[in-house]
*Asks:* 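Supplied in structure tokens, the structure appears directly below.
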Amino acid sequence: MGDQRKAQLRSQLRTKRRALSDAERENLGGMIAAQVCQLALFNRARHIAVYLPQDGEVPTGGLVHAARSRGKHLYLPVLAPGQLLRFARWERHTPLSLNRYGIPEPVPGRSQGFPRRRLDLVLMPLVGFDEDGNRLGMGGGFYDRSFAYRCRGGFARPHLLGLAFDCQRCDALPSESWDVPLDAIVTESAMIRPRLAG
Ligand SMILES: Nc1nc2c(c(=O)[nH]1)N(C=O)[C@@H](CNc1ccc(C(=O)N[C@@H](CCC(=O)O)C(=O)O)cc1)CN2
Ligand SMILES: Nc1ncnc2c1ncn2[C@@H]1O[C@H](COP(=O)(O)OP(=O)(O)OP(=O)(O)O)[C@@H](O)[C@H]1O
């Protein structure tokens, strides 16, 4: 699949995602959160990276609440040089500022962030996915670059969990050499576990 086709697909899927009403999105987000809360991946995790939804992404409020009430430590992605993500601790009163995409992130610069390898779980917002667990993101390659070391190291931490709505499902996405494999994708009605399937 060429870059142009991929960009077109990304734009179509983002439009679909935005087309859900707020009420529907919150409802589906709650169903997704309930499924994630059943996973050992989530229950065993102590350090969890989440995201603040934008552009119609799956809401994370329910999971944030569940994680906080169980004493888990939460982190948010912060844009870093080299198109990488750092992960900064996010507590209730952590000051946030808007990054260049208008997404709130912990005010950068105060620390190097939490070491990526010490995160137990990363929740990733997906633009698209297929039955084999391939994913399409926003196209910056941020998550791929940040967790590329995992491809080489086998089952190293963190676990990666993609969140998406059923309507983001595609027939077949290209599997790129740089794509980092996800441990699972959760939607309101399905759980895809590529490694178990493969
Ligand atoms: N909620 C959330 N936070 C996140 C991500 C994400 O996908 N979702 N990211 C995951 O990577 C990083 C930000 N990556 C992004 C990549 C592209 C665009 C984006 O909107 N691109 C626009 C052009 C915007 C512009 O240049 O001003 C576009 O392609 O239309 C946004 C975020 C870090 N934080
Ligand atoms: N490990 C890497 N090293 C160098 N470049 C990379 C790496 N991973 C991805 N890229 C580059 O990033 C760009 C975007 O990749 P891709 O289209 O797969 O984005 P995406 O998976 O949708 O984005 P994201 O990872 O932010 O969700 C590609 O041009 C790719 O070459």
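Counting convention: from 1, in listed order, for ligands and their atoms alike.
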*Asks:* Give the minimum heavy-atom separation between A66 and S69, together with the two atoms involved.
*Replies:*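 Heavy atoms only, the tightest pair is O-OG, 3.0 Å.
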*Asks:* Show me which atoms of ligand 1 lie under 4.0 Å from any heavy atom of F142.
*Replies:*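 Close to F142: 11 (O), 14 (N), 16 (C).
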*Asks:* Would you confirm whether N43, through its side chain, and C37, through its main-chain N or O, come within 3.5 Å as a donor-acceptor pair?
*Replies:* yes
*Asks:* Has the side chain of S146 got a donor or acceptor atom that lies under 3.5 Å from a matching backbone atom of L85?
*Replies:* yes
*Asks:* Please name the residue in the list R117, R150, R116 that meets the side chain to side chain contact (heavy atoms under 4.5 Å, CB included) test with P158.
*Replies:* R150
*Asks:* Mind checking whether H47 and Y75 have parallel, tilted or perpendicular rings, split at 30° and 60°?
*Replies:* tilted
*Asks:* Show the protein residues that qualify under the rule heavy atom under 4.0 Å from an atom of ligand 2, listing them in chain and number order.
*Replies:* K6, R10, R135, L136, G137, M138, G139, G140, G141, F142, Y143, D144, R145, A148, W178, D179
*Asks:* Going by the side-chain hydrogen bond (donor to acceptor under 3.5 Å, both in side chains) test, name the single residue among H73, K72, R44, R157 that passes it with D120.
*Replies:*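 Result for side-chain hydrogen bond (donor to acceptor under 3.5 Å, both in side chains) with D120: R157.
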*Asks:* So does D3 pair up with K6, basic N to acidic O under 4.0 Å?
*Replies:* no
*Asks:* Which atom names give the shortest non-hydrogen contact between G29 and P59, and what distance separates them?
*Replies:*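 So the minimum-distance heavy-atom pair works out to CA-CD, 3.9 Å.
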*Asks:* So which heavy atom in the protein is nearest atom 33 (C) of ligand 1, and how far is it from that ligand atom?
*Replies:* L85 CD2, 3.7 Å
*Asks:* Got an N/O contact under 3.5 Å between R14 and ligand 1?
*Replies:*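 Checking ligand 1 against R14, an N or O pair does fall under 3.5 Å apart.
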*Asks:* Just checking R92: does its CZ atom have more than 12 heavy atoms from other residues, nucleotides or ligands closer to it than 6.0 angstrom?
*Replies:* no
*Asks:* Should E57 be counted as touching ligand 1, given the test is an N or O pair under 3.5 Å?
*Replies:* yes
*Asks:* Can you tell me if T187 uses its side chain to pair, donor with acceptor, with the backbone of A190 under 3.5 Å?
*Replies:*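 Between the backbone of A190 and the side chain of T187 there is a qualifying donor-acceptor contact (under 3.5 Å).
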*Asks:* Would you check whether P125 reaches within less than 4.0 Å of ligand 1, judged by its heavy atoms?
*Replies:* yes
*Asks:* Roughly how far apart are L119 CG and F87 CZ, rounded to 0.5 Å?
*Replies:*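 Spacing of CG (L119) from CZ (F87) equals 6.5 Å.
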*Asks:* Judging by distance only, is a nitrogen or oxygen of L79 under 3.5 angstrom from one on ligand 1?
*Replies:* no
*Asks:* Between Y143 and F147, how do the two ring planes meet: parallel, tilted or perpendicular, split at 30° and 60°?
*Replies:* parallel
*Asks:* In the protein, what heavy atom is nearest to atom 19 (C) of ligand 1, and what distance, to one decimal place, separates them?
*Replies:* M138 CE, 3.6 Å
*Asks:* Checking a contact table here: which protein heavy atom is nearest atom 27 (O) of ligand 1, and how many Å away?
*Replies:* Y101 CD2, 4.3 Å
*Asks:* Relative to the heavy atoms of Y51, which atoms of ligand 1 are at a distance of less than 4.0 Å?
*Replies:*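 In order of number, 1 (N).
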*Asks:* Could you find the nearest protein heavy atom to atom 3 (N) of ligand 1 and give me its residue, atom name and distance?
*Replies:* I103 CD1, 3.6 Å
*Asks:* Does atom 6 (C) of ligand 1 have any protein heavy atom closer than 4.0 Å?
*Replies:*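 When distances to the protein are checked, atom 6 (C) of ligand 1 has a heavy atom within 4.0 Å.
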*Asks:* Could you find the nearest protein heavy atom to atom 34 (N) of ligand 1 and give me its residue, atom name and distance?
*Replies:*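 Answer, as residue, atom name and distance: P77 CG, 3.8 Å.
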*Asks:* Any idea which protein heavy atom is nearest atom 9 (N) of ligand 1, and the distance to it?
*Replies:*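 Ranked first by proximity to atom 9 (N) of ligand 1 is Y143 CE1, 4.0 Å.
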